[in-house]
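Each remark here refers to the structure printed beneath this line.
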Amino acid sequence: MSWRELLTETVSLLGDAQHARWICETATSSTPDEFRAMLDEPAGERAVAHLDAMVARARSGEPVQYVLGAWSFRRLDLAVDARVLIPRPETEMVAEIAIELARTFGPTRSVLDLGTGSGAIGLSVADELPLIGTSVWLTDASSDALAVAKANLAGIGRSAQNVRVAEGSWFDALPDGERFDVIVSNPPYVADESDETESIVTDWEPSAALFAGSDGLDDLRLIIARAPTWLAPGGWLVVEHGHDQGAAVADLFRSAGFADVETRRDLAGLDRIGLGRKPS
């Protein structure tokens with residue numbers, strides 16, 4: 001059977017042409033262009049077995065990102081699996097803001113990614129900031145998540161030398177005396193009893209990275225309250241939050257003494273990112 005026939009069959013089984021093509025490309029370890037060039041070639045036994053296994057996982061409801069084992073985030077291709085959240089477009093915006101703010105510091109700059117998960121934000125920061133003068137810390141309470149982040153760290157080339165990884169709950173992972181120009185986090189922010197989160201998220205993604213108390217603000221309260229101690233004067237805190245938490249998060253920033261507090265919207269026009277500056 002040719003790959004063209006297998007692709008047609010996979011589209012029929014999954015009901016999603018894009019997902020079917022991605023899975024076929026992964027089964028053949030090929031780029032989109034390479035896969036197009038091999039459509040009329042006969043499929044090998046091992047590749048078909050890999051394809052069948054991935055199709056079975058996708059049909060069970062598993063997110064396609066986990067089935068593929070990788071997902072793009074800004075300039076990076078990240079390994080992802082059920083140990084970490086799937087990187088999302090709104091989080092790319094969080095990373096962009098952190099990178100833009102970090103660029104304002106020099107000749108050196110230090111950035112902390114709290115609750116790094118797959119490493120998406122922190123590794124993007126390390127990848128996109130200057131190689132000279134940049135320091136990035138990644139922390140997470142989950143050793144499983146940090147194993148994924150470390151695997152992704154190996155994929156960013158020379159910038160990996162600027163990254164340190166530490167295990168622990170939020171700031172407890174850090175050695176005393178560290179200070180940062182930018183602290184960035186995509187913490188859990190879903191309320192425990194929320195009915196807004198899709199079942200494909202709650203059924204497959206790690207609950208510890210999703211839920212944060214009755215109002216979803218437990219971790220954000222802690223991060224915002226403790227961040228000033230770890231920020232250098234003039235440093236910035238950037239956090240992702242729920243679409244209905246903008247005002248509450250801004251109040252938390254102001255209560256913690258931050259200046260220039262701002263709420264920014266995501267691509268859907270929803271409140272999604274809170275930021276504030278520690279006064280100089």
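Here the structure is a predicted model, which means the values were calculated and not measured.
- Counting heavy-atom neighbours within 6.0 Å of Gln161 CD, excluding the residue itself, gives a total above 12.
- Nearest heavy-atom pair across Ser124 and Ile99 is O-CD1, 3.9 Å.
- Of the possible polar contacts, one joining the Asp113 side chain to the Gly122 backbone as a donor-acceptor pair under 3.5 Å is found.
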Apply side-chain contact (heavy atoms from CB on, under 4.5 Å) to Ile223 and Leu114, showing your working. CA-CA 9 Å; Ile223 291 167; Leu114 280 175; 4.1 Å; yes
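- With Glu178 contributing its side chain and Pro175 its backbone, the two residues share no donor-acceptor pair below 3.5 Å.
- The backbone N or O of Pro228 sits less than 3.5 Å from a side-chain atom of Lys278, completing a donor-acceptor pair.
- Partners of Glu34 under the side chain to side chain donor-acceptor pair (under 3.5 Å) rule, at least two apart in sequence or in another chain, are Thr31.
- Counting only heavy atoms from C-beta outward, the side chains of Met54 and Leu14 never approach each other to under 4.5 Å.
- When all heavy atoms are compared, the tightest approach of Trp204 to Pro63 is CG-CD, 3.4 Å.
- Contact record, Gly119 with Ala149: N-CB, 4.0 Å, taken as the closest heavy-atom pair.
- Between the CG atom in Asn162 and the CD1 atom in Ile156 there is a gap of 8.0 Å [rounded to 0.5 Å].
- Residues Val182 and Arg109 have side chains not in contact (no heavy-atom distance under 4.5 Å, counting atoms from C-beta outward).
- Expressed to the nearest 0.5 Å, how far CZ of Arg164 lies from CG of Leu138 amounts to 11.5 Å.
- Separating the CG atom in Asp40 from the CD atom in Glu5 is a distance of 9.0 Å, to the nearest 0.5 Å.
- Not counting sequence neighbours, the partners of Phe253 by the ring pair (Phe, Tyr, Trp, His ring centres under 6.0 Å) test are Phe258.
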Worked verdict on Thr104 versus Asp181 for side-chain contact (heavy atoms from CB on, under 4.5 Å): CA-CA 9 Å; Thr104 67; Asp181 299 306; over 6 Å; no
Check residues 67-88 and write down every donor-acceptor pair under 3.5 Å in which the side-chain atom is one partner and the other belongs to a residue at least two apart or another chain.
| unit_1 | atom_1 | unit_2 | atom_2 | d |
| --- | --- | --- | --- | --- |
| Ser72 | OG | Asp77 | OD1 | 2.8 |
| Arg74 | NE | Glu128 | OE2 | 2.7 |
| Arg74 | NH1 | Glu92 | O | 3.4 |
| Arg74 | NH2 | Glu128 | OE1 | 2.8 |
| Arg75 | NE | Asp127 | OD2 | 3.0 |
| Arg75 | NH2 | Asp127 | O | 2.9 |
| Arg75 | NH2 | Asp127 | OD2 | 3.1 |
| Asp81 | OD1 | Arg83 | N | 2.9 |
| Asp81 | OD1 | Arg83 | NE | 3.1 |
| Asp81 | OD2 | Arg83 | NE | 3.1 |
| Asp81 | OD2 | Arg83 | NH2 | 2.7 |
| Arg88 | NH1 | Ile86 | O | 2.8 |
| Arg88 | NH1 | Glu205 | OE1 | 3.3 |
| Arg88 | NH2 | Glu205 | OE2 | 2.4 |

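- Within the structure, no pair that satisfies the salt bridge (Lys or Arg N to Asp or Glu O under 4.0 Å) test touches residues 11-27, not counting sequence neighbours.
- The shortest side-chain heavy-atom distance between Asp215 and Arg221 falls under the 4.5 Å cut-off.
- In terms of modelled atom types and a separation under 3.5 Å, the side chain of Gln245 and the main chain of Glu240 share no donor-acceptor contact.
- When the shell of 6.0 Å around CD of Gln18 is examined, it contains more than 12 heavy atoms from other residues, nucleotides or ligands.
- At least one side-chain heavy atom of Ile121 sits less than 4.5 Å from a side-chain heavy atom of Val184.
- Summarising the geometry, atom CG belonging to Leu270 is positioned 10.5 Å from atom NE2 belonging to His241; distances are rounded to the nearest 0.5 Å.
- Between the OG1 atom in Thr139 and the CG atom in Leu146 there is a gap of 7.5 Å [rounded to 0.5 Å].
- The main-chain N or O of Ile97 is never found under 3.5 Å from a side-chain atom of Trp236 such that the two would form a donor-acceptor pair.
- If you chain together hydrophobic residues whose side chains sit under 4.5 Å apart, Leu13 and Leu6 fall into the same group.
- Atom OG1 of residue Thr28 and atom CG of residue Leu39 lie 9.5 Å apart, to the nearest 0.5 angstrom.
- Inter-residue side-chain proximity for Phe171 and Thr229 is flagged as unmet; no heavy-atom pair is nearer than 4.5 Å.
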Checking side-chain contact (heavy atoms from CB on, under 4.5 Å) for the pair Val249/Thr263: CA distance, chi angles, key distance, verdict? CA-CA 8 Å; Val249 168; Thr263 301; over 6 Å; no
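- If you chain together hydrophobic residues whose side chains sit under 4.5 Å apart, Met1 and Val55 fall into the same group.
- Contact check on Asp140 versus Lys150 returns no salt bridge, with no Lys/Arg side-chain nitrogen under 4.0 Å from an Asp/Glu carboxylate oxygen.
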From CA spacing to verdict: side-chain contact (heavy atoms from CB on, under 4.5 Å), Leu112, Leu231: CA-CA 10 Å; Leu112 167 63; Leu231 281 168; over 6 Å; no
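- Criterion: ILVMFWY side-chain heavy atoms under 4.5 Å apart, direct or through other members. Under it, Ile132 and Phe105 are not part of a common hydrophobic cluster.
- Inter-residue side-chain proximity for Arg265 and Arg272 is flagged as unmet; no heavy-atom pair is nearer than 4.5 Å.
- Annotation: salt bridge (Lys or Arg N to Asp or Glu O under 4.0 Å) contacts involving residues 252-262, sequence neighbours excluded, comprise Asp251-Arg254, Asp260-Arg277, Glu262-Arg264.
- Among residue pairs with one or both ends in residues 54-66, those qualifying as salt bridge (Lys or Arg N to Asp or Glu O under 4.0 Å) are Arg57-Glu62; sequence neighbours excluded.
- Side-chain contact between Pro130 and Arg103: present, with at least one pair of heavy atoms (C-beta onward) separated by less than 4.5 Å.
- Contact record, Ala212 with Pro188: CB-O, 3.4 Å, taken as the closest heavy-atom pair.
- For the pair Ser214 and Asp192, the tightest heavy-atom approach, listed with the atom from each and the gap, is N-OD2, 4.0 Å.
- Nearest heavy atom pair, residue Val111 against residue Ala102, reads CG2-CB, 3.8 Å.
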